[in-house]
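For reference, the structure discussed in these notes is given below.
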Amino acid sequence: MQIVRTGPDDERFTAWCQVWAATQRAERPDEEPRPASDHVALGRRLTTPGGSTGGTHRAAVADGTVVGALRVLLPVRDNTSVAHVDVAVHPATRRRGVGTALLQEAARLAAAAGRPSLVAEVDEPGVDEPGPDAPGRAFAAHHGWTCDLRETRRDLLLPVAEERLSALEAQAVAASAGYEVLTWRDRTPDPLLEDRALLYRRASTDTPSGDVPVGEEDWDAARVREQEAVALARGRTVLSAGAVRDGRLVAFTDLHVSPAQPERANQSGTLVLREHRGHRLGARVKTAVLRELAATLPAVRRISTHNLDTNRPMVAVNEALGFRRAGGLSTWSTRL
Ligand SMILES: CC(C)(COP(=O)(O)OP(=O)(O)OC[C@H]1O[C@@H](n2cnc3c(N)ncnc32)[C@H](O)[C@@H]1OP(=O)(O)O)[C@@H](O)C(=O)NCCC(=O)NCCS
C-alpha cells in the first residue's frame, strides 16, 4: 500500500470521494452520503492560497485502488497550533492497518506544518446508546487519543405541528419585545455584516466545546463573505434568521441544505450575544428560520443538530421544537 498526494483536480479524487461515500453508507445506511461535489469545493478552498483555512489530501492506494482517504485542515488566521484530521477507510479494507498508516501520515504533515495538536471527529450512529461500537472510537482510543467532547445528535422530522410551532413562537415573541427578527438566504445583508463577524467570533468561544484544544476564531467581514462564497461553491443553500435591536444584529441561526440531499438540513451555528440572553431569542430565531424553510425549501424532511447535553438552554429549545436523539458526534485529540 502506498500513500499518495491527491486533491480536487487530481484523477484519483473521484475514488477518494467514493471512500467517504462508502464509509457514510456503512454508518448511516438510511442517509444519502455527502456528494463528491462537496468534497471538491471544500478541497479547492483548502488548496487555494489566501483563505482562512489551508489543507491537503492523501489517498491510500492498494493494487491501484484507493482504499483510504485523509484530509488535513490547517486554520490560518487562528488556532495555528491545530491540524484537523479527517480519516476514512473503505469498509471492505478495514482492520489491515490502512487507517493507522493514514494517521501516521497526518501526524507527519502536522509536524511539518508546526502543528502539535491533532483534532478529529467521529460520527456515532445509534439512537439509545450513542455509538459504543463506532469503529472510530476504538481506533482513536487505540492510538492513545483522548475524547474531549461528546455531543448528542438530535433530528427534527418536518413538518413541525403548527400548534407546537405557533405556541413556542408566541412565547418567544412575548418575551422579546423590542427585538425585530429577520431572515435572509446565502448572503448576510451589508448593514449587518460587521455584527455577524462578531457573532461568529463569540460563537467560537461561547459554544461549549469540552476539552477540545481550540480557541477563539478571528472573524471579520471579509471572512464572513469568504465563508458564504464557499457555501455557495459547495452548492449549499444557507437559510439564516437573526434578531436585531437598535439596528444591531444580536442573535443568529443558520441552516444548510445541499442539493444532493434536498430532504435534509443541517443546523450550523446558533448564538445569542451574552448581553441579550434571557429573552427567548434562541427560540425566536429558530422558529423564524423553520417558517422560512417550510415556505422556501418544502422538500426538507429532517434537520440534524449537535449539542453538548449540558448546554441546557439550546437543548431545551430544540426539544421544545420536537428534536429527538439520533446518535452522537465525538471529538478526539492528541498532541505530538
Ligand atoms: C476508524 C477507521 C479509520 C479505522 O481504519 P482501519 O484501517 O480499520 O484501522 P486500522 O486497521 O489501522 O486499526 C488500528 C487499530 O484500531 C482499532 N480498531 C480499528 N477499528 C476497530 C473496530 N471496528 N473495532 C475495534 N477496534 C478497532 C484496533 O485496535 C486496530 O488494531 P487491530 O486491527 O490490530 O486490532 C475506519 O473504521 C473508518 O473509516 N471509520 C469511519 C470514519 C472514522 O470514524 N474515522 C476516524 C476518525 S479518528
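Heavy atoms only: backbone and side chains are in, while hydrogens, waters and symmetry mates are out. Note that ligands are numbered from 1 as they come in the structure, with each ligand's atoms numbered from 1 the same way.
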Q: Please answer whether the main-chain N or O of Asp309 pairs with a side-chain N or O of Asn307 as donor and acceptor at a distance below 3.5 Å.
A: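 Absent.
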Please state which part of [X] comes within less than 4.0 Å of ligand 1, counting heavy atoms only: side chain, backbone, both or neither.
{"X": "His142", "value": "side chain"}
{"X": "Arg96", "value": "backbone"}
{"X": "Val89", "value": "both"}

How close does the nearest protein non-hydrogen atom get to [atom], and which residue and atom is it?
{"atom": "atom 4 (C) of ligand 1", "answer": "Phe139 CD1, 3.6 Å"}
{"atom": "atom 44 (O) of ligand 1", "answer": "Gly136 CA, 3.3 Å"}
{"atom": "atom 23 (N) of ligand 1", "answer": "Pro135 CB, 3.4 Å"}
{"atom": "atom 48 (S) of ligand 1", "answer": "Ala120 CB, 3.8 Å"}
{"atom": "atom 7 (O) of ligand 1", "answer": "Gly99 N, 2.8 Å"}
{"atom": "atom 22 (C) of ligand 1", "answer": "Arg95 NH1, 3.3 Å"}
{"atom": "atom 12 (O) of ligand 1", "answer": "Thr100 OG1, 2.5 Å"}
{"atom": "atom 36 (C) of ligand 1", "answer": "Arg94 NE, 3.5 Å"}

Considering only heavy atoms of [X], which atoms of ligand 1 have at least one such atom less than 4.0 Å away?
{"X": "Glu121", "answer": "47 (C)"}
{"X": "Val98", "answer": "7 (O)"}
{"X": "Gly97", "answer": "10 (P), 11 (O), 12 (O)"}

Q | Pairwise distance CG(Leu156) to CD(Glu319) - rounded to 0.5 angstrom | A |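 Spacing of CG (Leu156) from CD (Glu319) equals 11.5 Å.
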Q.
Any nitrogen or oxygen of Val87 lying under 3.5 Å from a nitrogen or oxygen in ligand 1? Just yes or no.
A.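 Indeed, backbone or side chain, Val87 has an N or O that close.
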Q | Asp220 bridged to Arg201 by N-O distance under 4.0 Å | A |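 Salt bridge between Asp220 and Arg201, a charged N being under 4.0 Å from a carboxylate O: no.
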Q) Does the side chain of Arg137 reach to within under 4.5 Å of the side chain of Trp332, using non-hydrogen atoms? A) yes
Q.
Are the side chains of Leu70 and Asp86 in contact, using a 4.5 Å heavy-atom criterion?
A.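 No - every pair of side-chain heavy atoms lies 4.5 Å or more apart.
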Q. When you check the side-chain N and O atoms of Arg284 and Ser176, is any donor under 3.5 Å from an acceptor?
A. yes
(Q) Just by distance, no angles: are the side chains of Gln267 and Thr253 close enough, under 3.5 Å, to form a donor-acceptor pair? (A)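 Result is yes, a qualifying pair exists.
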Q) Protein heavy-atom contact under 4.0 Å for atom 34 (O) of ligand 1? A) no
Check for me whether [X] meets the cation-pi criterion with [Y], that is, NZ or CZ under 6.0 Å from the six-membered ring centre and within 45 degrees of the ring axis.
{"X": "Arg71", "Y": "Trp20", "result": "yes"}
{"X": "Arg12", "Y": "Trp16", "result": "no"}
{"X": "Lys286", "Y": "Phe252", "result": "no"}

Q) Within a reach of under 6.0 Å around CD of Glu162, are more than 12 heavy atoms found that belong to other residues, nucleotides or ligands? A)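 Result for CD/Glu162: enclosed.
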Q: Decide whether the shortest distance between a heavy atom of Glu27 and an atom of ligand 1 is less than 4.0 Å.
A: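 Yes; Glu27 lies near enough to ligand 1 that a heavy-atom distance drops under 4.0 Å.
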